[in-house]
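Shown next, in structure tokens, is the structure this report addresses.
Side-chain atoms are counted along with the backbone in the values below, which use heavy atoms only and exclude waters and symmetry mates. These figures come from a predicted structure and were not determined experimentally.
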Amino acid sequence: MTDADELLSEADALLEQNRFSEAKLAYRAVLESGVASSRAIINLEVAEGEDRLAFLRSLVARYPEEMEYRIAQVNELILAGRADHAIQFCTLMLGKTTELREQLLIRLLRLRAAAQSWRCESYVEDFREVWNAGETVPGFDRMRRTLIESISGCTRVEAIPSFQALAEGRIVSEALVQFIQAKVTELRALEECMKSEVPGMS
């Protein structure tokens, strides 16, 4: 076993023990030695993400009243692909604030997380709340464009139930309902295409 192999094994062991700061340094040492290891690169990213999350958790524990730390933690959970954890955390946050703008910012975060896993109930609830805020809350009219673009760019057939529920509910704009219905039709066509053209999808 070479020195680089030994160092990589040590880094893997540190990662498995949840010693993320140490693992991060060890993986960097492997890569800085000139060993182009895809495993080290991937695991370095994991270690760095987990280290950031651990740091943010410690900040939230020390300063529970600071919303910025909580928002940063949710963003990190979303980046790590932990949508369910992010949704749960946002739901807890919503229960701890009565300030409207804070609630809307939290709903935007939960909307992002729900769009990652397509959790229909929270997606529809938060979309409607943020959309309606565009009429009454200064600055949130710009969020409507963001919401529309999130629908426009979606290519996930898992989104169909969420979009259907959204189109069936009370939304101010009839044009938006028609747009969502057109998107559902597009996604259904995509689903059929994948079933017929991609082996194992039917």
Side-chain angles (χ1 to χ4, degrees), residues 7-32 37-134 136-140 142-143 146-147 149-150 154 156 158-159 162:
L7 189 56
L8 183 56
S9 295
E10 290 175 4
D12 289 341
L14 290 168
L15 185 62
E16 289 175 4
Q17 295 166 22
N18 296 335
R19 295 162 63 181
F20 303 120
S21 293
E22 296 168 83
K24 178 177 65 175
L25 295 175
Y27 285 122
R28 286 181 179 177
V30 171
L31 296 169
E32 287 171 352
S37 166
S38 58
R39 188 171 101 210
I41 292 170
I42 292 169
N43 286 351
L44 172 61
E45 185 176 350
V46 172
E48 288 177 333
E50 292 295 341
D51 191 44
R52 286 194 300 272
L53 264 176
F55 176 63
L56 289 168
R57 285 193 194 101
S58 70
L59 289 177
V60 169
R62 288 174 62 190
Y63 308 105
E65 73 285 353
E66 293 293 340
M67 184 63 67
E68 288 300 319
Y69 294 151
R70 293 177 178 274
I71 288 173
Q73 184 177 353
V74 173
N75 274 319
E76 196 62 43
L77 286 168
I78 294 171
L79 286 173
R82 299 181 186 178
D84 287 345
H85 288 166
I87 289 170
Q88 292 170 9
F89 201 74
C90 285
T91 302
L92 289 173
M93 290 167 65
L94 280 173
K96 293 181 178 180
T97 180
T98 57
E99 205 278 314
L100 180 57
R101 294 187 70 85
E102 281 189 355
Q103 288 182 341
L104 290 171
L105 288 172
I106 294 167
R107 287 189 181 280
L108 278 169
L109 281 174
R110 195 169 70 169
L111 189 70
R112 281 181 56 209
Q116 195 175 80
S117 62
W118 288 109
R119 289 273 294 271
C120 181
E121 184 178 346
S122 60
Y123 180 88
V124 172
E125 177 187 331
D126 294 333
F127 188 104
R128 288 175 180 161
E129 290 293 332
V130 175
W131 180 268
N132 290 333
T136 59
V137 181
F140 269 79
R142 297 190 301 273
M143 292 299 111
T146 301
L147 293 175
E149 289 175 346
S150 72
C154 179
R156 297 271 300 276
E158 298 92 338
S162 295

Flag side-chain contact, heavy atom, 4.5 Å: [X] against [Y]:
X	Y	value
Met93	Phe89	yes
Tyr27	Leu7	no
Asp12	Arg39	yes
Arg112	Leu109	yes
Glu65	Tyr63	yes
Glu48	Leu44	yes
Met67	Ile106	yes
Met143	Leu104	no

*Does CD belonging to Glu158 count more than 12 external heavy atoms closer than 6.0 Å?*
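Yes, CD of Glu158 has more than 12 neighbouring heavy atoms, counting only those of other groups under 6.0 Å.
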
_Heavy atoms from other residues, nucleotides or ligands near CD of Glu45 exceed 12 (cutoff 6.0 Å)_ =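 Not more than 12 within 6.0 Å, no.
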
Could you state the interatomic distance from [atom1] ([X]) to [atom2] ([Y]), rounded to the nearest 0.5 Å?
X	Y	atom1	atom2	answer
Leu25	Leu14	CG	CG	9.5 Å
Glu22	Gln17	CD	CD	8.5 Å
Ile78	Cys90	CD1	SG	6.0 Å
Arg19	Asp51	CZ	CG	13.0 Å
Leu105	Thr97	CG	OG1	9.5 Å
Asn18	Glu16	CG	CD	9.5 Å

Please report the shortest heavy-atom distance between [X] and [Y], naming the atom on each side.
X	Y	answer
Cys154	Ala159	SG-CB, 3.6 Å
Leu56	Tyr69	CD2-O, 4.5 Å
Pro64	Ala61	CD-O, 3.7 Å
Arg156	Ala115	NH1-O, 4.3 Å
Phe140	Ala133	CB-O, 3.9 Å
Val137	Arg101	CG1-NH1, 3.4 Å

Side-chain ([X]) to main-chain ([Y]) donor-acceptor, under 3.5 angstrom:
X	Y	value
Arg107	Phe127	no
Glu99	Glu102	yes
Glu10	Ala26	no

_Working for side chain to side chain contact (heavy atoms under 4.5 Å, CB included), residues Leu59 and Glu66_ = CA-CA 9 Å; Leu59 289 177; Glu66 293 293 340; over 6 Å; no

*For Leu100 and Gln103, run side chain to side chain contact (heavy atoms under 4.5 Å, CB included): C-alpha distance rounded to whole Å, both residues' side-chain angles, the deciding distance at 0.1 Å, then the answer.*
CA-CA 5 Å; Leu100 180 57; Gln103 288 182 341; 4.2 Å; yes

*Evaluate the criterion side chain to side chain contact (heavy atoms under 4.5 Å, CB included) for residue pair Ser117 and Ile87; output intermediate values, then yes/no.*
CA-CA 10 Å; Ser117 62; Ile87 289 170; 4.1 Å; yes

*Criterion side chain to side chain contact (heavy atoms under 4.5 Å, CB included) on Leu53 and Phe20, from CA distance to verdict*: CA-CA 10 Å; Leu53 264 176; Phe20 303 120; over 6 Å; no

